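Keep in mind the model is a prediction, meaning the values are calculated, not measured. Numbering of ligands and ligand atoms starts at 1, following listing order.
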Amino acid sequence: MSELLLRDARIQGHEGPADLLIRDGRIAALLTPGAGGPDGFAGEVEDLNGRLVLPGLVDGHAHLDKTLWGGPWVPHSSGPGLMGKIRNGQERRPELGIPNADHIAALLENMIVCGTTHVRSHVDVDPLVGLDSVEAVREAVGRLDGRISAELVAFPQAGMLISPGTETLLEEALKAGVEMIGGLDPAGVDRDPVRHLDVIFGLAGRYGAGVDIHLHDGGTLGTWQFELIIERTRALGLGGKVTISHGFALGDADPATRDRLIEGLAGAGIALATIAPARGTLPLRALTEAGVPVALGNDGVRDLWSPFGTGDMLERAFFQARGTGARDEDIELALDAATRGAARALGLEGHGPAVGDRADLVVVDARNAAEAVCVRPRRSLVVKAGRIVARDGRLA
Ligand SMILES: [Zn+2]
């Protein structure tokens, strides 16, 4: 039995200070401060001196395989638009040695010391890279030895129908145990949304996989695909297993269309993932009130798509908050999308911190959640499944 006592903790959503008892990876009790643990307690003790305990940060939309983190600085070289980025990424991958398990592990390490305890990563699958990216990400995750959990999405970044051979490789990835099947702009990139959805929902059904579709398409083309995905999810009874990533069209839709789509998403049990974009911000409050879970993610970090980002989900929550509003409850909503909301979107049960929840936690020197997002202080302690995995910016 492993035990850890976090003494004198300030816990988000809990009145007054408490001692947090963790046993075998779960939160066993919230105790009166100073009690010194239960009788016979012989576990590890950490004095938090009133610091704030938040649920572990969850990165609901990453592209670990693409990163150059820890390697040389590569100036941005992509052409314009989505197709410019896709082509540049494919063309320069061999020259830069992408995917690289060292870079991926370095980024994962930074994510962990910044308090991320779980990540969903899309991983490129196409005829040029095959399943190399899947293998590189798995190897890197393995090196971190349980300090972070990861689920992968087999992702047709170069398109599926327009990139012959990709469908077979996606299926191989699922056979090899990849948890989710990805899609990419069924209309805008693949030019045939019905067939695109036939293929990915077909694969999801055959392998019991979840679905996560990148939908950049805007305007009515985008909102129409929202409807197609809602219909499909309802018809197949896949509520709770489908995510739409980005969904810019929803952020830009007129109020009547927006409300209709949100109702459809809630009814079908579809989650959304967003990266706090500069434009097309999702209506986070309306989605939350309708019961649509929203996950926040860093997207690509220092890669051929963008030099920006560090992997820090508090930083991403800060970006989201700037589009959501300045009141404490707006900032808390943004942070929720990086913690509990993301966990709901990804189907992670018991993402606390409450008694019985998994002990995935991050400790910061802040008085409340809003201050934590605004200041983004150093993470003094990161706990994954009851084990201290990072302390003051370094792996433990
Ligand atoms: Zn993405």
Check which hydrophobic residues are tied to I98 through side-chain heavy-atom contacts below 4.5 Å, counting indirect links as well, and list them.
L68, V74, L96, L304
Transitively linked via ILVMFWY side-chain contacts under 4.5 Å: I112 with L361?
no
Among residues two or more places apart or on two chains, list those pairs meeting ring-ring contact (aromatic ring centres under 6.0 Å, His included) that have a residue in residues 373-396.
none
Over-ring placement of R302 relative to F308, 6.0 Å and 45° cut-offs:
no
Determine which of the N, O or S atoms in D299 is closest to the Zn ion (ligand 1) and give its atom name.
OD1
Indicate if the distance from the Zn ion (ligand 1) to the nearest N, O or S atom of H214 falls below 2.8 Å.
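H214 does place an N, O or S atom closer than 2.8 Å to the Zn ion (ligand 1).
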State whether H63 contributes an N/O/S atom found under 2.8 Å from the Zn ion (ligand 1).
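So H63 counts as coordinating the Zn ion (ligand 1), yes.
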